[in-house]
Structures are given as structure tokens and as C-alpha cells.
Amino acid sequence: MRKGMLEYCILLLLKRQAAYASDIIQQLKEADLLVVEGTLYPLLTRLKKDGLLAYEWQESTQGPPRKYYCLTDEGQNFLKELDIAWGEIERTINVLKNSHTQIN
Amino acid sequence: MKKNITINLCGRIFPMDEDAYEMLSTYEQSLRNYFRSREGGEEIAEDIEARIAELLDEIKAQGTEAINIDHVTDIIQRLGKPEEMDSLTPDPSPEGEGKANGGASASSSPFSNGRGFGSETWSGKRLYRDPYDKKVSGVLSGFAAYFGGDVLWWRIGYVGVILLSFLGSTFNFLWWLPGHQFFFHIQFWGFALIIAYIILSILMPVAWAPEDRLRMKGKPINPQNLAQQVMDESQRPIAQQRDQSNYAGGCLKVLVIVIGVTVLFPFILFAIGLFLAIIVVAGIGTSLVIGLLGGMSFFPEFSSFVGTCQPLLLTTLICGLIVVAFPIFGIIRLLRGGKKLHPSIIASLVVVWILAIGLGIASLIGTGIKIAEWEHNEGYEMEFSQNQRKLSSIGWTLKSSTNLDEDIANNRTGFSGLPHYAISLQTDKNEEFTYSAVFEKEVNLPEEGAYKFMSLTEGYDAGLTYTFSYMDGGKEKEAVLYPSDTGLHINTIGWDDLSEYQMMFPHLDRENEGSWQRFSQWGEEWVYHWIDLPHVDAGKFKIIIRAHECSDPMMIREVKVVRIKE
């Protein structure tokens, strides 16, 4: 469940702008989504393998070139599907929550 | 003061303490090992490496001169151990879940609880092969780590059991021990252990990474233990090769060792026996040598005697070993300056040693008494058969037969390496699988008295009987020796049953009842039959050998009658 969430969040982040791994880590950590940073790397590799992400090397001011990840077209589509799915989940949860409150 | 190393990571230079470097490089190695089998695994490891470089950069930017082990521990905690990173596992453990939600209040440092990486998913031990302490592929040292105990004892036990099982047939003299069946039918125990080893060495993972080795020993995986482990290991010589191809060679090595020792063991045993025999000879004289030789050669009465003495001889052997070995090991220990033994252990060893001396002397005396008795019983003997002669030429008459090939019966010299067969019965060339035959021989006994009849037959002899016609006090008598008359089939008899009848009681009291004893020599089963005839008049004595409905070749090596002195 959390792994799925994490993927969704990564895709959401990258939809806004291309980012490199440390940026993503920073943002995910701010959102309390990451327990250990290392989790991100296998995820990125998998998403890339699935064709949802791509990366390009960009020069960095502070050191060696960095991998900047961005969404592919496929990734965009997948994200849309996820958005829909998420909306449904949210609806379901809300319904359950509201009924719960009514009983109380 | 610490030794300092400069490392190059992703094109950047970092000065680093040696222990920190060791820890970091083992961490990196464990990452690579973990992701190696996966598509894109190399890339994951490289990306994480780049992240490590970045984090090190940050530390450097804060003005740290050299990276120390605390920095590395922090980094490892931040990045997590390989299993935690794994996005392919379906779900983190419930505890991890709790951390993510409930731990939100401590959001800025999820590790502020100080538990470090890995403590939430792991409790208990796992079976690993230990690459740093291996003779073949480290399975046994893995077991030692998992179940406890010194790996040396595991190895001794393992090899010992294999040897025992392969040498099962040479342990026949242990028939009087309880549980001896275990030693007899069991070559497959040895094979099972060897095959189990090979399977386990394929199935059990190797504990390359320090955290694997902590897990192997059942220690909790926290930064302190891990750092300790890494430090300990950095002390080791780098001799250990991480060479997987070594592995088939290792299996081969164990096979060669096992086979080699198995082949050599009888010789070693023989050498020990010879050595002790020399000691024993010095103690009680040459008569025992005659007894031992008798046991090794094929004279039934000798081997019968050795049979009765075997427990005594064995006790002497074991006691002699203890008496000789303990001081030798003691001296070796002294010279090598090993750990001091607890006084109570030393005391009990001394007690065992003294007991062994006492018991050894007692059993030597016992053997001596047996020999004296045995020599007392020895009478002159009359041979009814002569070695290496044809049946007909030594006075045996073939009275009747069906399906017996007389040519084979008369001329056969046996299919074993043994040189002499007085009488051989053999199935027909036409492959009629049952035959019967009756042989007779008559002799004159020169004087009256007690006689003992003996015969030595190979293998399956259920269809064989010996009949004796003789005069006792003027009356004609007949005694029959049925080898299987005990109601026990020779080939299916258990060793438990056997011990009731044989060896310990060579002379059964009941009149005209025969007895028998089975033993192996050079891989063949021989049966020794005897019957005591308490009183036989001088004069005609007739022996009739009947083979009824035999289906296997019958080998009668020797038939003789011995006068027993009163």
C-alpha cells in the first residue's frame, strides 16, 4: 500500500517538474513519506523499466552531472489513471468515514 | 589516533578513517550483492553511491576534516539497509507502517529512536554459510553459528558419522553393543549426509555482508554491532577468496577427503591394532598373538576362541588407546600452550585415565585366563577332508544326487580368492536351480571319548544337514546337526538373536544339539557349525552330508572331528 502510494507521489512530483533523486528525496521527506532514502532508488529504476519515467544527464554546479528524471507520455497516462483510481478510493473512504460518524 | 584513508567516490575525494571506510565499503558491497540479481541492479547501486557521495559532500561542507564512523553510520541509517529499500516486497512490516504514520510527530528524524537500520524487520537467527570460516563451503560453520557449539566439534561429528557409516561392515565386531544394527545397514547414512551437505551448500546463502553475519550469529543488527563486526573483520587476513567457482572444488575436496579417509581408515585401524598388539604381546606373551592370528586366518576353532574373547580384546584396545592417547594430547596441549582446562575437567580426565589402566589390566588378565582355558580344551584332531583335493580323492562318496553337476562339484575351487575348498556343491549347468546331494564318509576313531564335530560353510546353508552315525557304549546312535535347526533362518536372523546363541556360549549343554556361528571374512559370510558328542566308542564313525533342495551354490570349506580332552 505504502509502496504504491510512494510511486504515485513520485509521479505527481515529477509531473510538476523534472527532478533529480536528491530533490525527490527532499520533497518526499518533507511529506513524511520516506522512511529510508534508499527506498527511492529501486523504485525509480522500476518505474523507468516500466517505461513511466525517463532521465537525462544534466550538468550540476556543485559536482558531477546528475540524472534528472521526468515523466514519459506513458507515465502521464498512467498518472491520469492513478488520479482516477485515487479519486475513487478517496470517495469510498469518505463514504465509509461519514457513515461511521453518523453511527456515532 | 586513527589511520586515515583517502577515497574517490563518483569523482570526488574524501578523507576518511579506516574503520569508517571499512564500514562504508561493506555497506556498498551488501547493496551490490543485494541488487545484483535484479535487472538494473547495478544502476540502483550506482545511484545510491552517488547519493552517498552527495551526503559526504554535505558533511565535508560543514568543515569536517575526515569522515568518521559516526558519519558513515548516519548515512547508512538515512539510506537504509538493502532489504528496506526493496520496493518489490509487497508491504513493509506492520511496525514499519506504524513508524510512517505514528512516527510523523518525530518527522524530522525517523531514526531518533536510535534503533538504526534493520532492527524492525529482523529478530532471530538465520542459516548462512560462513565464508570466513570454511573448510569446504562453510555449511558446518553456519550450523555451528546457528545452533551453537564449536565448529570443530560439528566437523568432527559430521566426518565421524560418515566414517562410521561407511565402515559399518568393518564394525561387525561390535555386534554385542546395543544399537549395533545402526552400524550395520547404513552406508546410506554416509551418502545421505554428503548429499545433504551438497544440497545445503547450494541452498544456504553465503553471509558475505556484515549484517548477514550478525544475523547468522543471531545478534541484533544495529550500528554498534555492525561497526564492531566490520572492525573485527578488518583485522582478518584477506586470504579469504570470494570466489564462487571454488565451490565445486570444495565439494570435490570433501569427497576426496571422505573417500581417502574411508579407504585409509582400515589401515589406520590395523596400524593401531598392530601397535597395541605389540604392547599386549609384551604383556602376556605369544599365545595371544596365536589367538589374534587365528582370528584373522580361517581356522574356525581359533576364530571361535577369538570370538569369545572379542569383548575383552576390544576393551583392552580401547583402554590401551586411552592410556596412550591422553598423555600424548596432554603433552601436545602443554607445548602449544592452549587455554587452561578447568581443574574439574583435568581431575575427571585423570580419573578416566586411571580407570582405563585398571580396566585394561583386568581385561588383559581375563584374556589370559580365556587363553589358558582354551589351550586346556585343545585335543588332537582328525581331518576328514584335505585341502585342495577333489571330493572323490579324499574318501567322500557321492551317494545320490539330483541336478548336481558332479564335474563342478568335484573340481570347483570356489569363486572367492580363498584357495581351499574341500567340497563344493554347485547347481547344474542347465540352470536347474534346485539340487540335492548326499555325500558320505566313514572313518575309524582310534580311541573312545568326547568328540567335537566342526564344519565351515559359506553363506546360505539352510538346506544342509550333517548326520553322524556312531557307537556309544555299544549302542548305535545317530546325531543330526541341522544348521537351521534353531528355527532361525540363517540369512534372516537378526544379530540380536545371534548373540543369544553364538560366541558367548560356544558349548550348548543339551546333548546332540549343534550350534553355529556366523562371521564375515573378506566380505564373505561364513557359517561355522559344531556339535559336541559327549561319548563316542572307538571304531566306525560315519558322516553324511545332505544338501536338500538347495538353490544356491554351497561351499563347504572344511569338515573335521576333534577329540576333546576331558
Side-chain angles (χ1 to χ4, degrees), chain A residues 1-11 13-14 18-70 72 78 82 93, chain B residues 9-12 27 31 34-35 38-58 61 75-93 95-111 116-118 120:
Chain A
M1 176 82 181
R2 269 184 65 239
K3 298 286 178 192
M5 271 283 288
L6 210 52
E7 283 176 31
Y8 185 36
C9 295
I10 292 169
L11 294 178
L13 282 175
L14 293 177
Y20 87 109
S22 299
D23 282 342
I24 304 174
I25 286 174
Q26 198 57 38
Q27 297 187 50
L28 288 178
K29 277 194 137 179
E30 276 164 20
D32 270 332
L33 274 166
L34 217 50
V35 178
V36 292
E37 295 183 5
T39 313
L40 183 69
Y41 295 93
L43 268 180
L44 286 177
T45 310
R46 191 154 68 94
L47 292 172
K48 182 168 73 72
K49 202 179 76 191
D50 292 345
L52 304 178
L53 293 185
Y55 66 80
E56 54 184 30
W57 291 99
Q58 284 191 14
E59 289 298 326
S60 152
T61 49
Q62 293 154 348
R66 293 166 170 172
K67 276 180 189 174
Y68 269 80
Y69 287 89
C70 56
T72 59
F78 186 67
L82 277 181
I93 300 286
Chain B
L9 197 61
C10 299
R12 275 164 288 181
Y27 175 67
L31 279 176
Y34 187 84
F35 290 113
R38 191 173 306 171
E39 197 186 328
E42 193 67 18
E43 194 182 349
I44 297 174
E46 273 165 19
D47 287 350
I48 295 174
E49 209 170 277
R51 175 70 180 160
I52 293 172
E54 232 176 59
L55 292 171
L56 288 176
D57 246 359
E58 282 174 20
I75 289 175
I76 294 175
Q77 278 185 2
R78 274 185 80 165
L79 291 174
K81 63 170 188 158
E83 287 84 344
E84 287 176 309
M85 299 176 184
D86 197 352
S87 59
L88 296 184
T89 50
D91 233 11
S93 66
E95 204 185 337
E97 199 76 62
K99 251 188 185 177
N101 305 328
S105 55
S107 58
S108 57
S109 59
F111 296 100
F117 60 98
E120 82 279 9

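Note that these values count all heavy atoms, side chains included, but never hydrogens, waters or copies made by symmetry.
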Next on the checklist: Test of understanding: with side-chain hydrogen bond (donor to acceptor under 3.5 Å, both in side chains), list the residues that count as partners of B:Glu49, not counting sequence neighbours.
Outcome noted: B:Arg32
Checklist entry - Residues two or more places apart in sequence or in another chain: which of them pass side-chain hydrogen bond (donor to acceptor under 3.5 Å, both in side chains) with A:Asp50? => result none
Checklist entry - Taking all non-hydrogen atoms of both residues, which atom of A:Val36 and which atom of B:Leu79 are closest, and how far apart? => result CB-O, 3.4 Å
Item to check | Contacting moiety of B:Leu31, where chain A heavy atoms sit under 4.5 Å | outcome: neither
Checklist entry - Which distance, rounded to the nearest 0.5 Å, do you find between the CZ of A:Arg66 and the CG of B:Asp47? => result 13.0 Å
Checklist entry - With A:Glu30, which residues qualify under side-chain hydrogen bond (donor to acceptor under 3.5 Å, both in side chains), at least two apart? => result none
Item to check | Contact class of B:Arg12 relative to chain A, heavy atoms under 4.5 angstrom | outcome: side chain
Checklist entry - Which value, rounded to the nearest 0.5 Å, describes the distance between A:Glu37 atom CD and B:Ile52 atom CD1? => result 10.5 Å
Checklist outcome for this item: Rounded to the nearest 0.5 angstrom, the OH-CD distance for A:Tyr41 and B:Glu43 is 12.0 Å
Item to check | Residues of residues 18-27 of chain A contacting chain B, heavy-atom criterion under 4.5 Å, by residue number | outcome: A:Tyr20, A:Ser22, A:Ile25
Next on the checklist: Closer than 4.0 angstrom, basic N to acidic O: yes or no for B:Glu46 and A:Lys67?
Outcome noted: no
